[in-house]
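Please read the structure below before turning to the comments.
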Amino acid sequence: MWRYHRQKLSVCLLLLLAVLVLAFQHGELKAYSIRDSVDSLGEAVTLAVCGAWLSLIISSRPLGRITNYLFFGSFLLLFSATLDLADEFLDYPPQQRLLSWLESFPAPVGMVLLTIGLYGWHREQQVISRQLQGREGFLRDHQLIDPLTQLYGPVYLHAVLSREMKLRRPGQSLTLLLLDIQGFAAFNRQFGIAAGDAVLQRLAIWFAGQLKPEQVICRYAGDCFVVLLPDTPPSRAELLCQHLQSQLPAICTEPLALQTLVLPVPGTVASAAAVLQQAEQALVQRKIQPLSAVKVWY
């Protein structure tokens, strides 16, 4: 995950280094006798904790809006903690107020950003927890779960689709959304299977976080995901497609694209197997003849 945050981390560290240079240029070293060693130790521990938070975020979080809140919130706390520790060793002239502001102001801003990020992270975990609870409550057969992405697999999709088709009221919409990662095979050949697996895991977490609790996403085959959208007309499914495609560049920096197909489930269809067979045929046709970014199949 580090390489996805390398650019903004470099900019932030250069900014911190520039402020430290400014501090040492304007400040004078305090005499050892007037330094408070206990206070210095406490601020050093605070700085180390802020650094650990930032390191954990960078090493475990994919790119995205919530990650940015967590990243910049943690960095601003680290920024203030660094200047607070430097203040224990440097004495600034009274007219130099800039360094005092730089020491005090980023911390509350960082706390606000970090709180927003933690709330978003909490929401993500709620979605993942609902997925896990659904798995445990439906069937405990591990064959229903894709071992790589930890999403549901084709068997579970077939079972849930059958259930939704039986429970659907007359006139109620039921839609399948097919998500295909374009360029994934070439990416695997160039960067290796491990890198491809990491991309699929990151995208699976992101896809799941964009859905409502009643919507189910499965890894259908390889680089193809299928989303079951109960009580969702094709027009709303298209809006979801457009949202996912617009946000993908911020989540996935690899040379990949997202192609989507919206497949309404007609009320006259005989079985879930027939619907999934139609979806497979649509995927095969897409491989033979490329489709537009969002296409609705009736």
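Side-chain atoms are counted along with the backbone in the values below, which use heavy atoms only and exclude waters and symmetry mates. Please read all numbers here as calculations on a predicted model, not as lab measurements. If you read the sequence from its start, that first residue is 1, and numbering goes on from there.
When all heavy atoms are compared, the tightest approach of L176 to L228 is CD2-CD1, 3.5 Å. Shortest non-hydrogen contact noted between P106 and F79 is CG-CD2, 3.7 Å. Nearest heavy-atom pair, D231 versus P233, reported as atom, atom and distance to 0.1 Å: O-CD, 4.1 Å. Listed here is the closest heavy atom pair of C12 and F75: O-CZ, 3.1 Å. In terms of heavy-atom proximity, L167 sits nearest to Q172 at O-OE1, 4.4 Å. A pairwise comparison of heavy atoms in R219 and L151 identifies N-CB, 4.2 Å as the closest pair.
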query = Taking it one step at a time, do L113 and F71 satisfy side-chain contact (heavy atoms from CB on, under 4.5 Å)?
reply = CA-CA 9 Å; L113 294 178; F71 177 90; over 6 Å; no
request  = Under the side-chain contact (heavy atoms from CB on, under 4.5 Å) rule, what do V216 and Y156 come out as? Steps first, then yes or no, please.
outcome  = CA-CA 10 Å; V216 178; Y156 185 88; 4.0 Å; yes
request  = Check the pair N188, Q190 against side-chain hydrogen bond (donor to acceptor under 3.5 Å, both in side chains), reporting the backbone distance first and the verdict last.
outcome  = CA-CA 5 Å; N188 255 354; Q190 182 176 358; over 6 Å; no
inquiry  = Before you tell me yes or no, could you show the steps for E164 and V160 under side-chain contact (heavy atoms from CB on, under 4.5 Å), namely the whole-Å CA-CA distance, both residues' side-chain angles and the distance that decides it to 0.1 Å?
reply    = CA-CA 6 Å; E164 291 295 332; V160 176; 4.2 Å; yes
query = After noting the C-alpha distance and the side-chain angles of Q182 and L256, does the key distance pass the side-chain contact (heavy atoms from CB on, under 4.5 Å) rule?
reply = CA-CA 6 Å; Q182 296 293 295; L256 302 172; over 6 Å; no
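Here R202 contributes atom CZ and D197 contributes atom CG; the two are 12.0 Å apart, rounded to the nearest 0.5 Å. Atom-to-atom distance recorded for L118:CG and I116:CD1 is 10.5 Å, nearest 0.5 angstrom. Atom OG1 of T82 is separated from atom CG of L17 by 11.0 Å, given to the nearest 0.5 angstrom. Note: D180 CG to L261 CG = 8.0 Å, rounded to the nearest 0.5 Å. One finds the CZ atom of R168 at 5.0 Å from the CG atom of L174 (value rounded to the nearest 0.5 Å). Distance CG/L47 to CG/D84: 9.5 Å, rounded to 0.5 Å.
A donor-acceptor pair under 3.5 Å links the side-chain atoms of S74 to the main chain of L70, judged by distance alone. Listed for the T175 side chain is a donor-acceptor partner under 3.5 Å among the backbone atoms of T232. Panel note: side chain S80, backbone L77; no donor-acceptor pair is recorded below 3.5 Å. The closest donor-acceptor contact from the side chain of E238 to the backbone of V262 lies at 3.5 Å or more, if one exists at all.
Shown here are the side-chain contact (heavy atoms from CB on, under 4.5 Å) partners of S162, two or more places apart in sequence or in another chain: H158, A272. Evaluation of the side chain to side chain donor-acceptor pair (under 3.5 Å) rule for Q247 yields no partner, not counting sequence neighbours.
Put simply, the side chain of C241 reaches to within 4.5 Å of the side chain of L177, judged on heavy atoms. Residues L244 and L179 form a side-chain contact, since some pair of their non-hydrogen atoms from C-beta on lies under 4.5 Å apart. Taking 4.5 Å as the limit, some side-chain heavy atom of M165 sits within range of a side-chain heavy atom of V275. Between L83 and L20 the shortest side-chain heavy-atom distance falls below 4.5 Å. T149 is not listed as a side-chain neighbour of L203, based on a closest heavy-atom distance of 4.5 Å or more. Using a 4.5 Å cut-off on side-chain heavy atoms (C-beta onward), D223 and V199 make no contact.
Cluster membership for L239 and L211, using ILVMFWY side-chain heavy atoms within less than 4.5 angstrom, is not shared. Linking Ile, Leu, Val, Met, Phe, Trp and Tyr residues whenever their side-chain heavy atoms come within less than 4.5 Å places V49 and W121 in a single cluster.
Between I217 and the options V227, V226, L157, L229, a side chain to side chain contact (heavy atoms under 4.5 Å, CB included) holds for only V227.
For F225 and F207, the distance between ring centers is under 6.0 angstrom.
Ring planes of Y119 and H122: tilted class, angle from 30 to 60°. In this structure, F191 and F187 have tilted ring planes: the angle between them lies in the 30° to 60° band.
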